[in-house]
Structures are given as structure tokens and as C-alpha cells.
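Notes to accompany the following structure.
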Amino acid sequence: MLGSQAFDRAAPAMADAAGHGIGMVFEIAGSSSQVLFDADALDLAAQGSDPVAASAGQVGSQIKMRVGSAWLIANVRSLKVADGTGDRIAAQVDFLGEGDEEKLTGKLYKFRRGVTRYPTPGCRVFPVTTADLKQIYAADDRANIEIGTVYPTRDIRAAMYVDAMLGKHFALLGSTGTGKSTAAALILHRICDLAPQGHIVMIDPHGEYGAAFKDNGAIFDVSNLQMPYWLMNFEEHCEVFVTSNGSEHQIDADILAKCLLMARAKGRLGQEISKLTVDAPIPYLLSDLTNLIQLEMGKMDRAGDTAPYLRLKTKIDEIKADPRYSFMFSGMLVADTMASFIQRIFRLPGEGKPISIIDVSGVPSEITSVVVAVLSRMVFDYAIWSRGEAQRPILLVCEEAHRYVPNERNADDSSVGRILSRIAKEGRKYGISLGLITQRPSDLAEGVLSQLGTIIAMRLNNDRDQAYVRAAMPEGARGFLDSIPALRNRECIICGEGVAIPIRVSFDDLAENKRPASDDPLFSSLWRDVGQEDLIIGRTIKRWRSQGR
């Protein structure tokens, strides 16, 4: 609490500020400092015609102060009454950046992040105006996309710098029902419009985004994905074929490694590969693998030693016979289609459809994580092995990311978590960008959020999620973070590399044909519909039994 003697010393400056500003700097402490507002001056500003200046002194608003020949911009983090009368209001502020002063008008221009000189206590504080915000948020010459308007204005456009955002990864966070899926579609549409020959792969676990990108994307699901099983590395083979636990798991894995290497060697198709490994994506026949397992089993002296061979063979035969797995384990997928698969999935070339939507909602839940792991690892491996070639950067977007990169509490030791964590840490070196979308950031693996250069945070209702995001955001954005629980639907806070300074944004509307199929059902309306229930049930059971969509 500020002392009474300090108030007495501040009183003359405050009286002057009522006519020439809204307060004064009271305390300077690095990135976060304290400002003393005059309540009467704030009331006077609120009656003005400029809507931005009228909001001065509110939490989340910006203020400015003159230091030498520059204007320093700060964000209001918190407010409290500083004395018993309520005439003086103490505010914690975070400095955002500075701009030069235009000599003729005295207005701000050429805004930039960072602070060269801090103000001294007693420096007058002024409300930021609409003209100031236009300078602060004006996009520079870098490639950018416009995604909405800057709060609280209706005409100042909010821009994100694509190269900075993708070069250091990004996350889109928000509780269910806040408009997260529509926001993701909006951002990806803007990127596609900017780069129609780009290369974007999106993992869609609920089949929402196919409707949004049917005109400018390639949609893949179990009916047309045709992902060959032999693209899996040894670790992924183990996740699918090895069902035992404990010491038996290692025995089964050793047998699988030996037989898989022999099957790959048999399927080399005359290719000269000096050092063939069990991870090399060489086509092989599943029948060759089971025959080799049978052959090795015949070498056992005791009947009890055959158990691990039988487990492996039974599991492989079971998957071959299950029609749910045919998108990956069909006998038709043994041909060497690796080049065409990469071309289709990575959009090389894009042909005006730069985004691949991989709908995994129809994939059996037991192998969903393996399918995502294979796709993610192929993005990473392709980037590594294509070094020296003309670079083709790839953006990998993962919806429901907490399912695939879980923290230690929810970890299931799957390969997909390891590969996505590795992409987060190393991907930018190889031209891979990672976009994670989730409603539960606290369930993400520790340290993953801190690897993401841009964070787009919509409303988060859970205290643990808010704390997790707060820890990952830079110090200067803390004032914006405090408003996350109060954000409206389709509003967000953006901070990090993709924007000049932390910013609160109201997203643009998106045309109906570009929105994902993620609308909540209207119970009150749909429950009034009656008729043809027997036909609906009949068609549903038919699809259910055939496991088709």
C-alpha cells in the first residue's frame, strides 16, 4: 500500500495531470511498474469521443508516457484503490514497447517492441488513442495474415507474421465451446490464401475440418488414406503387433526384430542398400513376416518356447483379417508407393490445395496413436533426409494435442508423444513447423508449450490450465493473461513471435462453407423433430455393423 507521505508529494502532480493527462508514474521496477491514476481525470477521458481513450485506466487497456523524444507504451495489469477516498487509483503496468514522437503533431509513430529508456517517477501518463493503436498494431513489410480486429476497436486490423509464427511453432488453446475449431480454420484458411502452394498436414481426430477445406484442401480418411503398413518403424511395429507385457514383451520384440529384418531384406526389390536396418521403410509382405515367424518357431526344441511366436503370428493374422485395418494392412498396399504417398499427403506439389486433412475419426482407437506417429515421423524424417535438396517447409497441425503429447500423469509411453516432442524441440532446424490445438494445455507434456514461440489463448475456464499458460507466456504479457477467464467466445490473447506485442483480438467471421463441422447440437430444437426413427436406426445399425461411414 502506498504511504500517506507519498500521496502528499504526488498530489500537485496529480492535480496537474487532471488537465494534461490521467496520472503519473509512481514506481519503476523493470518490466512491471506502478502508476497512480487520478479518478477525475479518468472520468473526463471516459466522456471523450475516442473509444480507445475512453477505456484508459481499465485492466487490459494501454497507456503512454513521454520519455525524451519517444513515447513509451504500457499495459494495465491490475488496479486497486490507493487511498480511502477513491480519488487515486494504483495500477500495476507492464511495458510493451516504444515509438518515436512525430515532431509536428507530437503523436506516436514507428512503434517497436522493447524499452530503450525507462521513465522516472513523476512522469505524466496519458491515454492511448485510436491513432496510437493504429501505429502500434500496423503491420510492417513482413508476410502477414489478418485474422480479426484489435480490442476494443472495430477497425484496427490484427495481423500475425507468418514466418515468425511458423518458424518457431504455435499453439491455439481454449476451452470447449469458445470457438477454437473455427479460429483454427480461420488461421489455416488465411495461411492457405497467402501461400496456395504451401504444404500443410492436419491431424483431425473428430472429422470436423473436412467440411471447412473441401474447396482448397485434400481430404483423407480410412476410405482413401492407403497408408502402407511397412512405413512403420520397429517401435511402431511393436506397438501394433506386440501385446505382451513385462519380460515377455522384450522376448516378443526381439523375435519381431529378427523376423522383420529378414522380411525387409526379402522385399528389397533389387535395391542396393548396403546397411539395411529394421527401421528402413522397405516394402515387405505380411505373409513373409508370418512365414518367417513360423519358420523360427519350428527351430524351438520345447513346446513352451513357441508361445511368443504364436502370440505374434496370431496378432498379425488377426489384424490382416480385420476389415477395420484395411486402410493400412491391405495386401494391395505392398507395392512401393512411398513416393506417391508422400506427394499426396505432403502436397508436393500442392496444385492449389495446400492442406491435407487427415481424418482419423474412423481409425480403430487401438492404432490411432500409431497412425498419427507414422504421419508425424514421416514429416520429420522427410525433412532430415531431404537436406541438400530444394527446401519444402511443412506445417504439421495437431488437433486434440493433449491426446498425443500427454504429460507424465497421462503418459502411455507411445511413440507419437516422443516424435511430436522432438519436432517441438528440433523441427524448426529442418523446416518443420508444429501447430498444437488443445482445450487442456495442463495435460500437455511438460516443456512442450515453452517450445512454442506463439501462443493464441482463448477463454480457459480451468484454473490449472490458466496457470500452465501463464507460466509459458513472457513476463510482458501477464496483464493480458489475467483477462483470459473473461474473454468472450471468438476472442483471444496472442503473444510471442507471431505478433509485434501481446494483443487481444476479436476473430473475423468465417463464411459458412469454410467452417468446421463442430457446431453444438441445439437440444431444444432437435428434440422437437419426430418421424422416421425406424429408418434412422436401420441405417445407423448397418453402418455400425459394417464399421463404415
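Side chains are part of it too, since the values below use all heavy atoms of this structure and drop only hydrogens, waters and symmetry mates.
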Are the charged groups of [X] and [Y] less than 4.0 angstrom apart, N to O?
X	Y	result
Arg515	Glu512	yes
Asp132	Lys64	yes
Arg490	Asp508	no

Does [X] use its side chain to pair, donor to acceptor, with the backbone of [Y] at less than 3.5 Å?
X	Y	answer
Asn407	Ser442	yes
His402	Leu444	no
Ser433	Leu395	no

[X] atom [atom1]: more than 12 heavy-atom contacts under 6.0 Å:
X	atom1	value
Arg464	CZ	yes
Arg113	CZ	yes
Lys214	NZ	yes

Quiz item: Does Arg142 make a cation-pi contact with Tyr161 (under 6.0 Å, within 45 degrees of the axis)?
Solution: yes

Please table the atom pairs, donor to acceptor, closer than 3.5 Å between any side-chain atom in residues 48-60 and protein atoms at least two apart or in another chain.
from	atom 1	to	atom 2	distance (Å)
Asp50	OD1	Val52	N	2.9
Asp50	OD1	Ala53	N	3.3
Asp50	OD1	Thr130	OG1	2.7
Asp50	OD2	Thr130	N	3.1
Asp50	OD2	Thr130	OG1	3.4
Ser55	OG	Val52	O	2.8

Going by atom type alone, with no hydrogens or angles, which donor-acceptor pairs under 3.5 Å involve a side-chain atom of residues 181-188 and a protein atom two or more places apart or on another chain?
from	atom 1	to	atom 2	distance (Å)
Ser181	OG	Glu208	OE1	3.2

Quiz item: Can you pull the side-chain hydrogen bond (donor to acceptor under 3.5 Å, both in side chains) pairs that have at least one residue in residues 381-394, sequence neighbours excluded?
Solution: Arg377-Asp381

Quiz prompt | Near-ring test Phe95/Tyr118, centroid separation under 6.0 angstrom | solution = yes

Quiz item: With ring centroids as reference points, do Trp71 and Phe126 lie under 6.0 angstrom apart?
Solution: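 Between Phe126 and Trp71, which both carry aromatic rings, the centre distance is below 6.0 Å.
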
Practice problem: In sequence, state the C-alpha distance, the side-chain angles, and the governing distance for Glu400 and Thr438, and then conclude on side chain to side chain donor-acceptor pair (under 3.5 Å). | Solution: CA-CA 5 Å; Glu400 297 280 2; Thr438 179; 5.6 Å; no

Quiz item: Hey, which of Lys168, Met165, His169 is the one that makes side chain to side chain contact (heavy atoms under 4.5 Å, CB included) with Thr454?
Solution: Met165

